[in-house]
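Written below as structure tokens is the structure these notes are about.
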Protein chains: 2
Amino acid sequence: MGGRTPRAKAIPNPARDPVLKVMRPLVEAYWAFWLEASRYIRRLRLTPSQLDVIATLGDTEGMTCSELSAATLVTKGTLTGVLDRLEAKGLVERSAVREDRRCTMVRLTAKGDALFRKAFPAQIAHLKPFFERALAPREATQLREVLLRLRDSFRWRRGSRSRGGKRK
Amino acid sequence: MGGRTPRAKAIPNPARDPVLKVMRPLVEAYWAFWLEASRYIRRLRLTPSQLDVIATLGDTEGMTCSELSAATLVTKGTLTGVLDRLEAKGLVERSAVREDRRCTMVRLTAKGDALFRKAFPAQIAHLKPFFERALAPREATQLREVLLRLRDSFRWRRGSRSRGGKRK
DNA sequence: TATTGTTATACTCTATAACTATA
DNA sequence: TATAGTTATAGAGTATAACAATA
């Protein structure tokens, strides 16, 4: 993914419109965060999509491909390739599902789980100072609430999809 | 779909750590936003990187490739290809620079500028309701401040590169 | 008929590095 | 030597659609 993003440059009247007052900072804050986070991801020799899959599978007992696709925003067709590469690295495994033989269950291998358990705390520890330097604890709490409300505002509109929605 | 919802993405102790309290909502809010915004981008037949370039060039008198690369986070090597495609679409043009013949100046064509002027207000208008539904004006102001601070926290660490494109 | 996962196609982006032509 | 932009290469992602097996 690694989606590239419109930096929302030169949008008209950023000072006047309350929406714009938030939109650009949102994009810029996320980008700044992402730039830092993606270094770590690369060090794991994973692409963003691959990490997305690993993170989604972490702490679960596995998912079918379609569940995984819904939970990661990796489209169905792409997922096959992503899983192929993760399987080649020995991080995930596919197995048959008895009840519905169309489905394939995907789960982390021991190696994948180990990566998940090691990589995330390390990533968090690395990113933590950036947040702590910018935010007082109370602000963090407020920020969280507001961001979640914003997230939901976008999710609602997209129809009442499965509650979990897209995670990342 | 029915049954199993992917367990929350298993980042350790999201409830306790104030950093984590913000990190995931940041990512999720951005993604929800991006999912909606990217629809519009696709309708313009632009890729995210291409839009990034267009948006960066908008309201400027042009930039050299290296300036553009620095302002967009599109790497030097990739930029050539992106510009080739935008040039083929008639949205940007390259021209020589007298003072330094190694440089190439890139600017929007009339067509590119028209796209920029039309597309952005439309995009904003589309996204506005999502923000307005979620945030009171005062909250928007606060959110802006906090996000900018967070952004800067990440930027500082990366050295003091000025990342704003030259504006007219 | 509908769904699941795979395959196929064509394009785009990424990272890296070598190359050229200037400076 | 250093810089600007291009080219080259290998790998990976995207969108879209068709497809086989199964339900």
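Here is how names work: the chains are called A, B, and so on, in the same order as the sequence lines, proteins then strands, and each is numbered from 1.
Two rings, from B/Phe154 and A/Phe131, have their centers less than 6.0 Å apart. A ring-centre distance under 6.0 Å is not found for A/Phe120 and A/Tyr40.
Residues passing the side chain to side chain donor-acceptor pair (under 3.5 Å) test with A/Lys76, sequence neighbours excluded: none. Evaluation of the salt bridge (charged side-chain N to carboxylate O under 4.0 Å, His left out) rule for B/Arg43 yields no partner, not counting sequence neighbours. A/Glu93 is linked by a salt bridge (charged side-chain N to carboxylate O under 4.0 Å, His left out) to nothing, counting only residues two or more places apart in sequence or in another chain. Among residues two or more places apart in sequence or in another chain, the salt bridge (charged side-chain N to carboxylate O under 4.0 Å, His left out) test is passed with A/Glu87 by A/Arg94. Every residue two or more places apart in sequence or in another chain was checked for a side chain to side chain donor-acceptor pair (under 3.5 Å) with A/Thr80, and none qualifies.
Heavy-atom distances to DNA chain C give each of B/Val82 and B/Gly77 a nearest nucleotide, and the one nearer the 5′ end belongs to B/Val82.
A straight line from NZ of A/Lys76 to C1' of D/dA20 spans 12 Å, rounded to a whole angstrom. Spacing between atom CG of B/Leu73 and atom P of C/dC13 amounts to 14 Å, rounded to whole angstrom units. The interatomic distance linking A/Leu79 (CG) with D/dT14 (C1') rounds to 13 Å, in whole Å. To the nearest angstrom, P of D/dA4 lies 10 Å from CD of B/Glu67. Atom-to-atom, CZ of B/Arg39 to P of D/dA15 comes out at 12 Å; the value is rounded to the nearest Å. A/Leu46 places its CG atom 17 Å from the P atom of D/dG11, with the value rounded to the nearest Å. Computed from coordinates, the A/Arg45 CZ to C/dA15 P distance equals 13 Å when rounded to whole Å. Rounded to an integer number of Å, the gap from CG of B/Asp52 to P of C/dT12 is 17 Å.
Of all nucleotides listed (D/dA18, D/dT6, C/dT12), C/dT12 comes nearest to the side chain of B/Gln50. Set against C/dG5, C/dC13, D/dA4, the side chain of A/Ser66 has C/dG5 as its closest nucleotide. Each of D/dT14, D/dA12, C/dC13 was ranked by its minimum atom distance to the side chain of A/Thr47; first place goes to D/dA12.
In this structure, B/Val97 belongs to a hydrophobic cluster whose other members, linked by side-chain heavy atoms under 4.5 Å apart, are B/Met105.
Contacts with DNA chain D (heavy atom under 4.0 Å) in residues 98-109 of chain B: B/Arg102, B/Cys103, B/Thr104, listed by number. Across residues 83-94 of chain B, B/Arg85 each have a non-hydrogen atom less than 4.0 Å from an atom of DNA chain C (numbered order).
Residue pairs meeting the salt bridge (charged side-chain N to carboxylate O under 4.0 Å, His left out) criterion with at least one member in residues 102-111 of chain B, sequence neighbours excluded, are B/Asp100-B/Arg102.
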